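Chain identifiers are assigned alphabetically (A, B, ...) following the order of the sequence lines, protein sequences preceding nucleic acid strands; residue numbering begins at 1 within each chain. Computed from a predicted structure; not experimentally measured.
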Amino acid sequence: MKSAIQQWIRNAALAAHAAGALPSDLFPAVEVDEPKSDAHGDFATNFAMLAAKSQKLAPRKIAQALVDHLSDPDGRLARVEIAGPGFINFYLQPWAWPPVVAQVLAQDQGYGATDIGRGQRIQVEFVSANPTGPLHVGHGRGAAVGDSVARILSLCGYDVQREYYINDSGRQIQTLGRSVILRARQLLGEEIDFPEDCYPGDYVRDIARGVLDEKGADFIRGADDAAVLYCARVAAGQIIAGIRRDLALFGIGFDRWFSEQSLFDSDEVTRSLEELKARGVVYLQEGAWWFKTTDFGDEKDRVVVRQNGQTTYFASDIAYHRNKLQRGFDRIIDVWGADHHGYIPRMTAAVEASGGRREQFQVLLVQLVSLLRDGQPVAMGKRSGDFVTLREVLDEVGRDAARFIFLTRDYVTPLDFDLEVAKQKSNDNPVYYVQYVHARIASILRKAREQGVAEVAWREPAGRRLVEAEEIQLIKALARYPEVVAAAAQALAPHRITFFLMQLAALFHAYYNKHRVLTEDGDLTLARLCLVLAVQKTIRNGLSLLGVTAPEQM
RNA sequence: GCGCCUGUAGCUCAGCUGGAUAGAGCAACGGACUUCUAAUCCGUAGGUCGCAGGUUCGACUCCUGCCAGGCGCGCCA
């Protein structure tokens with residue numbers, strides 16, 4: 001609908017210019033929006049104000065010229081007015097809206113889809129938690145955001161690949177191995193002060209028990225580097241398996257699990273460093289190799305090979321992102337925790353130095369989650385070992401509530417996640433508010449079937465019976481959905497879907513309370529059934545972008 | 001000290017990339033279930049958009065400077 005208006009304005013501008021009413025053929029992009037107030041019409045444009053400079057005419061004169069040359073072949077426009085400093089307000093005929101319902105029904109699961117991505121290949125890398133412990137709530141937020149962004153982009157015509165990067169190499173993995181050995185020795189009765197830098201969680205003890213059972217006490221007592229490495233591999237393997245299970249429970253899957261170690265095995269780390277050396281952006285100083293990230297806007301250069309000859313984590317990451325570029329992605333999106341923001345300039349430098357363009361690479365910084373219970377903070381932090389895992393949260397509040405809450409806030413703002421609120425089945429917890437719409441409509445449809453309505457299908461004269469203000473409001477909201485999805489894709493902002501759904505739900509609940517769908521009047525009933533079915537489908541489609549289910553009953 | 005993010009109703013947050021009179025939910029108060037699910041709805045009240053300048057037809061939105069909070073500034077990952 002909006003695009004139709006844009007086209008009308010564009011045509012009117014050209015016609016006005018052709019007729020000599022507008023001096024210049026330089027026109028700004030046509031922006032059409034939906035005014036907050038009904039007093040300003042169904043749609044409005046600021047085109048005349050924007051064009052004032054190039055036309056060298058007063059905005060209201062331009063607006064008048066446009067209105068004079070506006071053509072509306074099918075008569076959908078009821079009225080056009082020029083208002084304020086030069087807004088043009090469009091009022092549609094009431095009958096212009098109901099056909100949207102037919103469109104929603106016809107497109108069904110595809111309603112909301114667009115092709116703004118034009119098949120562009122885009123990779124979303126998210127979660128990528130280190131395999132040193134189970135996922136916690138913060139990872140959950142990143143998972144919800146990354147997954148939803150991927151779903152939205154897919155629906156908008158992007159060719160999306162989801163990836164999880166496993167840091168299964170380097171020092172922390174060694175620390176993990178050491179932790180296992182130490183726990184195993186404790187199990188053997190040794191008195192050991194567990195070091196600060198090791199991983200204390202119960203899961204480490206479980207893994208240690210497993211290794212002990214399998215390899216025997218001598219293996220643990222005489223542990224050498226190889227044994228530590230062995231324990232590290234076993235532990236990482238088990239932890240990753242657990243992470244996969246938790247993510248599956250959360251409804252999240254990946255196209256690829258990418259191992260950091262594989263970059264060493266394939267020599268890509270070395271090769272990427274050689275390439276950078278060849279480009280002259282890596283230099284030797286005080287026995288270490290430095291990447292000149294300052295050439296690319298970073299505040300200081302960064303070490304890639306330490307004095308001791310070991311590569312840094314950053315070196316792996318350079319190789320990893322070079323690998324991504326080589327796989328031919330047009331865009332690369334990384335979802336990170338906000339505490340990594342200082343890492344962005346150097347990573348951008350790496351992408352650029354590896355032959356990518358800086359616009360190709362984008363990082364979504366997901367802010368911290370604080371876990372609360374009844375407003376009181378719940379202890380977290382790996383060091384203490386008693387942090388609440390994502391799994392525990394899912395078991396307690398359920399997948400739908402958790403995902404919805406993670407996405408009811410823009411990810412740039414910190415989030416308080418209150419376990420008690422998440423469990424509440426009230427308006428405090430909007431996931432149920434939205435799901436309730438779906439269930440209520442399912443109930444209406446069941447009832448209609450009982451009353452002998454064989455099929456809910458759009459039929460033309462009947463459709464004209466949708467004339468109530470609440471009905472038109474609902475249809476307008478439905479019409480907006482594809483634009484909301486597209487905007488969410490462009491801004492990489494899944495919370496826009498969430499807010500749209502809450503708004504649509506509010507409109508539906510209000511309508512439901514004021515008007516009956518099932519009436520004595522066959523045509524009216526059919527029209528309203530079509531409307532609520534369209535609402536139901538849109539709710540379902542929107543929820544699916546969030547990874548939330550749409551229940552038939554509650 | 002430097003950098004990034006945030007500051008909107010008592011609380012939690014939106015505000016469609018500069019548009020018209022700044023919006024929701026919760027909390028408060030008053031109402032609505034013999035009728036398709038009350039996990040719902042209707043109404044009342046609630047604001048110096050952190051502060052001060054600037055840019056322009058027009059600023060919550062952009063720029064500058066302050067103030068407050070969070071996070072980050074390793075040859076850790």
Side-chain angles (χ1 to χ4, degrees), chain A residues 31 33-37 39-40 44-46 49-50 52 58-59 83-87 89 130 132 167 169-173 175 197 260 285-290 299-300 302-308 310-314 316-317 337-345 365 367-368 375 408-410 412-416 418 421 424-437 439-448 450-451 480 483-484 486-488 490-491 493 495-496 498-500 502-503 505-506 508-519 525 528-529 532 553-554:
Chain A
E31 288 171 31
D33 57 14
E34 290 166 65
K36 280 173 255 178
S37 158
H40 297 132
T45 184
N46 58 359
M49 277 120 78
L50 295 178
F87 289 106
N89 297 336
N130 293 334
T132 54
N167 295 117
S169 173
R171 209 173 79 173
Q172 61 178 356
I173 210 76
T175 304
D197 64 328
E260 178 187 5
Q285 190 176 67
E286 293 166 6
W289 288 92
W290 298 71
E299 56 185 12
K300 58 184 177 190
R302 311 288 174 178
V303 170
V304 285
V305 184
R306 294 187 273 253
Q307 270 183 348
N308 64 11
Q310 299 240 305
T311 56
T312 60
Y313 173 83
F314 182 40
S316 307
D317 246 352
D339 51 344
H340 287 70
H341 67 79
Y343 208 73
I344 295 176
L365 285 180
Q367 291 289 335
L368 202 80
T408 42
R409 228 165 236 68
D410 191 348
V412 302
T413 68
L415 169 68
D416 287 339
D418 194 308
V421 173
Q424 264 173 41
K425 303 192 167 172
S426 71
N427 230 340
D428 248 341
N429 193 6
V431 63
Y432 298 115
Y433 184 78
V434 174
Q435 285 184 321
Y436 190 39
V437 171
R440 264 186 155 173
I441 294 172
S443 174
I444 297 171
L445 294 170
R446 278 193 295 271
K447 201 73 149 204
E450 281 167 26
Q451 293 181 2
R480 212 164 48 232
E483 296 155 23
V484 170
Q490 248 141 13
H495 75 281
R496 295 209 187 162
T498 317
F499 279 89
F500 170 82
M502 293 193 283
Q503 206 178 341
F508 172 78
H509 286 311
Y511 174 60
Y512 179 91
N513 273 276
K514 189 158 177 188
H515 303 284
R516 279 191 65 82
V517 173
L518 304 175
T519 66
T525 299
R528 289 184 171 176
L529 280 171
V532 298
Q553 54 186 26
M554 289 171 71

*Taking A:His509 for the side chain and A:Tyr433 for the main chain, is one N or O donor matched with an acceptor at less than 3.5 Å?*
yes
_Parallel, tilted or perpendicular: which one describes the rings of A:Tyr343 and A:His340, with boundaries at 30° and 60°?_
perpendicular
*Nucleotide B:rC4, atom P - distance to CG of A:Leu368 in whole Å*: 20 Å
Nucleotide N/O of nucleotides 13-17 of chain B paired with protein N/O under 3.5 Å:
| from | atom 1 | to | atom 2 | distance (Å) |
| --- | --- | --- | --- | --- |
| B:rC13 | OP1 | A:Arg409 | NE | 3.2 |
| B:rC13 | OP1 | A:Pro414 | O | 3.4 |
| B:rC13 | O5' | A:Arg409 | NE | 2.9 |
| B:rC13 | O5' | A:Arg409 | NH2 | 3.3 |
| B:rA14 | OP1 | A:Asp410 | N | 2.8 |
| B:rG15 | OP1 | A:His495 | NE2 | 3.1 |

*Mind calculating the distance between CD (A:Gln367) and C1' (B:rU12) to the nearest angstrom?*
16 Å
*asked:* Once pairs are restricted to Watson-Crick or G-U wobble with both distances under 3.5 Å, how does RNA chain B read as a dot-bracket string, [ ] for crossings and | for other-strand pairs?
replied: (((((((..((((.....[...)))).(((((.......))))).....(((((..]....))))))))))))....
_Taking ring pair (Phe, Tyr, Trp, His ring centres under 6.0 Å) as the definition, give me every residue that meets it alongside A:Phe500, ordered by chain and number, with sequence neighbours left out._
A:Tyr481
*Starting at NE2 of A:His509 and ending at C1' of B:rG25, how long is that distance when rounded to a whole Å?*
13 Å
*Verdict with reasoning, A:Gln310 to A:Arg171, per side chain to side chain contact (heavy atoms under 4.5 Å, CB included)*: CA-CA 10 Å; A:Gln310 299 240 305; A:Arg171 209 173 79 173; over 6 Å; no
*Is any side-chain heavy atom of A:Pro85 closer than 4.5 Å to a side-chain heavy atom of A:Met49?*
yes
*asked:* Using atom P in both nucleotides, what's the gap between B:rA9 and B:rG15 to the nearest angstrom?
replied: 15 Å
*Check whether NZ of the Lys or CZ of the Arg A:Arg440 lies under 6.0 Å from the centre of the six-membered ring of A:Phe508 and within 45 degrees of that ring's axis.*
no
*Donor-acceptor contact present, side-chain A:Arg306 to main-chain A:Val304, <3.5 Å*: no
*Rounded to the nearest 0.5 Å, how far apart are NE2 of A:His495 and CE of A:Met502?*
9.5 Å
*Pairwise P distance, B:rU48 and B:rA27 [rounded to whole Å]*: 24 Å
_A:Ala439 to A:Gln553 - nearest heavy-atom pair and separation_ = CB-CA, 3.8 Å
_Rounded to the nearest 0.5 Å, what separates atom CG in A:Leu518 from atom NZ in A:Lys447?_
8.5 Å
*Taking side chain as C-beta onward, heavy atoms only, is A:Leu365 less than 4.5 Å from A:Val412?*
no
*Quick one: NZ on A:Lys300 to CH2 on A:Trp290, what's the gap to the nearest 0.5 Å?*
8.0 Å
*So what does A:His40 hit on the nucleic acid, given a heavy-atom distance under 4.0 Å: a base, only sugar-phosphate, or nothing?*
base
*Figure out the OH/P separation between A:Tyr511 and B:rC42, and round it to whole Å.*
15 Å
*Side-chain-base donor-acceptor pair under 3.5 Å for A:Asn46 and B:rA20*: no
_Could you tell me how far apart A:Tyr433 (OH) and B:rU40 (C1') are, to the nearest whole angstrom?_
8 Å
*asked:* Please determine whether a side-chain nitrogen or oxygen atom of A:Arg440 lies at a distance below 4.0 Å from atom OP1 or OP2 of B:rA39.
replied: no
_Assuming nearest nucleotide by heavy-atom distance, tell me which of A:Leu518 and A:Asn89 is located more 5' along RNA chain B._
A:Asn89
*Starting from P on B:rU12, measure out to CD on A:Gln424 and report it in whole angstrom.*
16 Å
_Aromatic stack A:Phe87/B:rA20: centroid gap under 5.5 Å, interplanar angle under 30°_ = yes
*Nearest-angstrom distance from the residue atom CD of A:Glu260 to P of B:rA77*: 9 Å
_With rounding to the closest Å, how many angstrom separate the P atoms on B:rU61 and B:rG50?_
8 Å
*Does the side chain of A:Thr413 come within less than 4.5 Å of A:Gln367's, by heavy atoms?*
no
_Is it the case that the side chains of A:Asn130 and A:Gln172 hold a donor-acceptor pair, with the cut-off being a distance below 3.5 Å and no angle test?_
yes
*Pick the P atom in B:rC26 and in B:rC41, then give their distance to the nearest Å.*
8 Å
*Rounded off to whole Å, could you give me the CG-to-C1' distance for the A:Leu50 and B:rU56 pair?*
12 Å
*Does B:rU17 sit syn or anti, given that only angles within 90° of 0 count as syn?*
syn
*asked:* To the nearest 0.5 Å, what is the distance between OG1 on A:Thr312 and CG on A:Asp317?
replied: 9.0 Å
*C1' atoms of B:rA28 and B:rG70, separation to the nearest Å*: 31 Å
*B:rC13: syn or anti, per glycosidic angle within 90° of 0*: anti
_Let's go through A:His40 and A:Phe87 carefully: what are the C-alpha distance in whole Å and the side-chain angles of both, what is the deciding distance for side chain to side chain contact (heavy atoms under 4.5 Å, CB included) to 0.1 Å, and is it a yes or a no?_
CA-CA 9 Å; A:His40 297 132; A:Phe87 289 106; over 6 Å; no
*Is there a donor-acceptor contact under 3.5 Å from the side chain of A:Thr525 to the main chain of A:Thr519?*
yes
N/O to N/O distances under 3.5 Å, protein versus nucleotides 72-75 of chain B:
| from | atom 1 | to | atom 2 | distance (Å) |
| --- | --- | --- | --- | --- |
| B:rG72 | O4' | A:His341 | NE2 | 3.4 |
| B:rC75 | O2 | A:Gln307 | N | 2.9 |
| B:rC75 | N4 | A:Glu286 | O | 3.4 |

*Tell me what A:Ala44 touches on the nucleic acid: a base, only sugar-phosphate, or nothing, going by heavy atoms under 4.0 Å.*
base
_Please report the distance separating the P of B:rA59 from the corresponding atom of B:rG19, rounded so that it comes out in whole Å._
11 Å
*Under the side chain to side chain contact (heavy atoms under 4.5 Å, CB included) rule, what do A:Tyr511 and A:Val532 come out as? Steps first, then yes or no, please.*
CA-CA 10 Å; A:Tyr511 174 60; A:Val532 298; 4.2 Å; yes
*In whole Å, what separates the P atom of B:rA45 from that of B:rU56?*
39 Å
*RNA chain B: A:Ile444 or A:Gln172, which has the more 5' nearest nucleotide?*
A:Ile444
Polar-atom pairs under 3.5 Å, protein N or O versus N or O of nucleotides 28-35 of chain B: list them with distances, or write none.
| from | atom 1 | to | atom 2 | distance (Å) |
| --- | --- | --- | --- | --- |
| B:rU35 | O2' | A:Arg516 | NH1 | 3.0 |

*Could you tell me whether the phosphate oxygens of B:rA39, OP1 or OP2, come under 4.0 Å of any side-chain nitrogen or oxygen in A:Tyr436?*
yes
*Check every strand shown and say whether A:Ala439 touches a base, only sugar-phosphate, or nothing at a heavy-atom separation below 4.0 Å.*
base
Using the 3.5 Å cut-off, write out each protein N or O paired with an N or O of nucleotides 43-47 of chain B and the distance between them.
none

*Using the P atom on both, measure B:rG30 against B:rG54 and round to a whole Å.*
48 Å
*CG on A:Asp410 to CZ on A:Phe499, rounded to 0.5 Å*: 9.0 Å
